[in-house]
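What follows is one structure encoded as C-alpha cells, with my remarks underneath.
In what follows, chains carry the letters A, B, and so on, assigned in the order in which the sequence lines appear, proteins first and then strands, with residues in each chain numbered from 1.
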Amino acid sequence: MELDKDLKQFLEKIMAFANKTGIAYRTGDIYGGLAGFWDFGPIGVEIKNRIKDAWWTEFVRNRDDIVGYEGAIITHPKVWEASGHLSSFTDPLIFCEGKCKKKHRLDHLVEDQLHIQSEHLDLEGMRELVLKEGLICPECGGKLGKPITFNLMFKTQVGPIQDSASIAYLRPENAQLIFSGFRNVIDSTRVKIPFGIAQSGIVFRNEISPRNFLFRVREYELMEFEYFTDPQKTNDCPVFEDVTETQVNIYSRKEQTDKISDDFVPMSIQKAWDDQIFKNKWQAYWLATFNNWFTDKMGINGNKLRFRQHLESELSHYALDTWDIEYQYNFGWKELMGCANRTQYDLEQHQIHSKTKLHFSETDETGVKRYVPYVVAEPSVGLGRILLTILADGYQEETVNDRKRVVLKIHPSLAPYDVAVFPLQKKPQILAKAQDIFKFLRAQGFTVNFDDGGSIGKRYRRHDEIGTPFCVTVDFGTLEDENITIRDRDSMQQTRIPIEKLVEELKNLRNNYLAAKMI
RNA sequence: GCGCUGAUAGUCUAGUCUGGUAGGACUCCAGCCUUCCAAGCUGGCUACCCGGGUUCAAAUCCCGGUCGGCGCACCA
C-alpha cells in the first residue's frame, strides 16, 4: 500500500496515531485542550528522552570543545532588556472591523495619520486618540476595533507583591542564559576559544496561532549551543575537513530571489564554500554536521532536507546571516533547525547593560589579547520538531496478507523499546524461559517490553506500531536447544540464534541499521 | 487574531437536514480455542467537546466558548 505523505490530512493522521499509541496528547484533554501545549505519553517520553540524550552525547559529552549549561526558566528581566527582546516585542496592534479585517501597528497609524510622536503614549492614550480623531483603517476605510499589546514573551511576577519591580519573563530562548552566564563559565572552567556552550531546555513563546501538531507550539524544548570564536579568526575552522564531502541541498538567497531557479541545488559543502555561498566556515561546518546527525543518528531522510538561507528582510535583529535546515513536511518546507551567526551582538549588549566585562583573555606569542568573543554559529533545534519529523518520516502503512500493517520505522537507537520478548505459547515452561530472557536483557541495559497478550501476530503488530525494532520469541525449541527467534521490524524476517549470542546480535543489528538499509 | 469549516468510545465512523431508547467496525479487557505475523467464538468496558437557550423532549435547532483543519495574517 502506498501511503501518500503529501496529502493535507497526513499530519492529522500522525496526530491521531500519536494519541492512540501514547506518544502525545493534548494537554488538559478532558477539559477540551489548550492550544499550543502538548503532553507526552509513555511512548513519546521515551523517544523524546532518547533524542535529547543523543543530542547531548553527540555535541557535549563526545566533544572537547563544547560544555553544558542549564539556565533558569524565569529569567532576570534585565536580560531581556539587554537582548532587545523586551523592546522588540511589545508592539501595539489594532484590528480593522470593516471589510479587510487586517491588523495594523497602532503606533505607526498614529504617527502616519496624525503626524505626532507615539513614543510616549501608552496603549490607552493611543486608543483615546483613535476615538477622538476618528482614525480609520488605512486599507479599506473601515472602523477600527479595540487595540491590544502583542508580546511574544510570557510575563509573570516574582514574589507576593504585584508591582513593576516584580515582573519577570519566561525565557523565549536559551541563548540569553548562556550569554548572561558567560562570565561565570569562563571564570569557573578552563575553556579555550573556540568553544561552545550548550543548553537544552524548555522555552515559551506566546505564538499568535499555534498550528500543525507539535510544529508550532507555545512551550517547547529547545536544544541549542552558542559557538564562540576570536572575532579576528571567525573562519579558522580546523575541523572543516570532516564535512567537505557532505552532500547537501542548497537553497540560498540567490535561488529564492532569482526568477530563473526557484529550487534548491544539491552540492558538496566544499563546493558551496568554494562558490562563496556561506559567509562563515564554522557556520557551514555546523550546518553540515547537523545535516549528518539528522540523517545518520536521527534516521531522517536526507532527500527531504535542504539548507535555506534567510532573506535580508527575515533576519533577526542580532543576526548577520542565518540558515535554516528545512524538512519537507506535508504542509510544506519548514524549519527544522536554525543556525544564526549572532556576531558579538549579544555579549556586547550584556556588557553595556550589566557593566560587566564579557571579554575573553588569551596569551599568545604577541602577548595578552582581549576580545569579546564572536558567535559564529548558533545551531538551534526544537526537540518536538525532531520528534514530529521522525514520526512523519518513519510512519509507514504496508499491506501484509491483505491487511494494513502500520509500522514506525524509526532508528533503533531512538525506539521506545530496544527489544520485546514474547513467549510463543502461554505454557508455563515457555513463559518462565521468556521471563528469564526478559530479565536478562534488562540486566544487560536494554529497554525491554514483555508481551504475552493475544496472538503472536498481534504482538508483532503492536510493536511495529510503536517502532520496537526487534522482537525475540521463545518457543518449544528454545527449551531443547537454547535458541530463540529474532524478528526484524522493517523486513519481518526471522533469524534463529543461540541465546548466548543474543546481546551481541542485538547490538550489531542496532549499530548497522542504516548500513543494512542501504543494501 | 480574522474568515470558512468541522467535533459521536482508545481509533474509524452511522445517526444531525426532518428533535423522540445513540448503532457498527477495529482496538482494549476476561474466558474458550489456536500457536510465528492484527485468525475464530462468547462475554465485557468505554462516546454525543463545554456552557447557556428553545422545547413535553436536544447528539440533532439557536447563541456563546473551547479545540482541530484550511486560507489570510503572524512567526524578533
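- Judged by distance alone, with hydrogens and angles left aside, the side-chain atoms of Q283(A) form a donor-acceptor pair with the main-chain N or O of D321(A) at under 3.5 Å.
- Between A30(B) and A47(B), the two C1' atoms lie 22 Å apart (nearest whole Å).
- When Watson-Crick and G-U wobble pairs are counted only if both distances are under 3.5 Å, C28(B) pairs with G44(B).
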Can you give one letter per nucleotide of nucleotides 30-45 of chain B, 5' to 3': B if a protein heavy atom sits under 4.0 Å from the base, S if only from the sugar-phosphate, - if neither?
-> -----BBBBS------
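- Using N1 to N3 plus N6-O4 or O6-N4 for Watson-Crick, or N1-O2 and O6-N3 for G-U wobble, each under 3.5 Å, C33(B) pairs with nothing.
- For the pair N19(A) CG and U46(B) C1', the computed distance is 15 Å after rounding to whole Å.
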Which atoms of nucleotides 68-70 of chain B (N or O only) lie under 3.5 Å from a protein N or O atom, and what are those distances?
from   : atom 1 : to      : atom 2 : distance (Å)
G69(B) : OP1    : N212(A) : N      : 3.4
C70(B) : N4     : R211(A) : NH2    : 3.2

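- Between I30(A) atom CD1 and U66(B) atom P the separation is 18 Å, expressed in whole Å.
- Atom CZ of F215(A) is separated from atom C1' of C74(B) by 14 Å (rounded to the nearest Å).
- Sorted by first and then second residue, the ring-ring contact (aromatic ring centres under 6.0 Å, His included) pairs involving residues 23-43 of chain A (not counting sequence neighbours) are W38(A)-F213(A).
- Taking atom C1' on both A25(B) and G64(B), the two are 36 Å apart, rounded to the nearest angstrom.
- Residues satisfying the salt bridge (Lys or Arg N to Asp or Glu O under 4.0 Å) criterion with R442(A), sequence neighbours excluded, are absent altogether.
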Yes or no on ring-ring contact (aromatic ring centres under 6.0 Å, His included) for H85(A) and Y169(A), after CA distance, side-chain angles and deciding distance?
-> CA-CA 10 Å; H85(A) 285 76; Y169(A) 300 90; over 10 Å; no
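- Residue Y318(A) is in base contact, counting any heavy-atom pair closer than 4.0 Å across all strands shown.
- Computed from coordinates, the D29(A) CG to U46(B) C1' distance equals 15 Å when rounded to whole Å.
- With both ends at atom C1', the span from G20(B) to A58(B) equals 10 Å, rounded to whole Å.
- Across the strands present, U18(B) finds no partner; the criterion is a Watson-Crick or G-U wobble pair with both atom distances under 3.5 angstrom.
- Under the rule for a side-chain hydrogen bond (donor to acceptor under 3.5 Å, both in side chains), the partners of E314(A) that lie at least two apart in sequence or sit in another chain are R308(A).
- The same atom, P, is picked in G52(B) and in G15(B); the two are 29 Å apart, to the nearest Å.
- To the nearest whole angstrom, the two C1' atoms, one in U34(B) and one in C17(B), are 49 Å apart.
- For D452(A), there are no salt bridge (Lys or Arg N to Asp or Glu O under 4.0 Å) partners two or more places apart in sequence or in a different chain.
- With rounding to whole Å, Q9(A) atom CD is found 14 Å from C12(B) atom C1'.
- Cation-pi geometry between R306(A) and F264(A) is not satisfied (NZ or CZ under 6.0 Å from the ring centre, within 45° of the ring normal).
- Interatomic distance, I23(A) CD1 to L387(A) CG, rounded to the nearest 0.5 Å: 7.0 Å.
- Annotation: C63(B) and U54(B) have their P atoms spaced 15 Å apart (nearest Å).
- Atom-to-atom, CZ of R216(A) to P of C67(B) comes out at 17 Å; the value is rounded to the nearest Å.
- C33(B) and C41(B) are spaced 8 Å apart, taking the C1' atom of each and rounding to whole Å.
- Scanning for ring-ring contact (aromatic ring centres under 6.0 Å, His included) contacts around H76(A) gives an empty result, with sequence neighbours left out.
- Remark: K13(A) pairs with E397(A) by the salt bridge (Lys or Arg N to Asp or Glu O under 4.0 Å) rule, at least two apart or across chains.
- Looking at which nucleotide of RNA chain B each of Y31(A) and E314(A) is closest to, the 5′-most match is held by Y31(A).
- Within the structure, every pair that satisfies the salt bridge (charged side-chain N to carboxylate O under 4.0 Å, His left out) test and touches residues 209-222 of chain A, not counting sequence neighbours, is listed here: K48(A)-E221(A), K52(A)-E221(A), E207(A)-R216(A).
- Rounded to an integer number of Å, the gap from D39(A) CG to G10(B) C1' is 16 Å.
- Taking atom P in both C70(B) and G31(B), the straight-line distance is 44 Å, to the nearest Å.
- Nucleotide A7(B) is matched to U66(B) when pairs are restricted to Watson-Crick or G-U wobble geometry with both distances under 3.5 angstrom.
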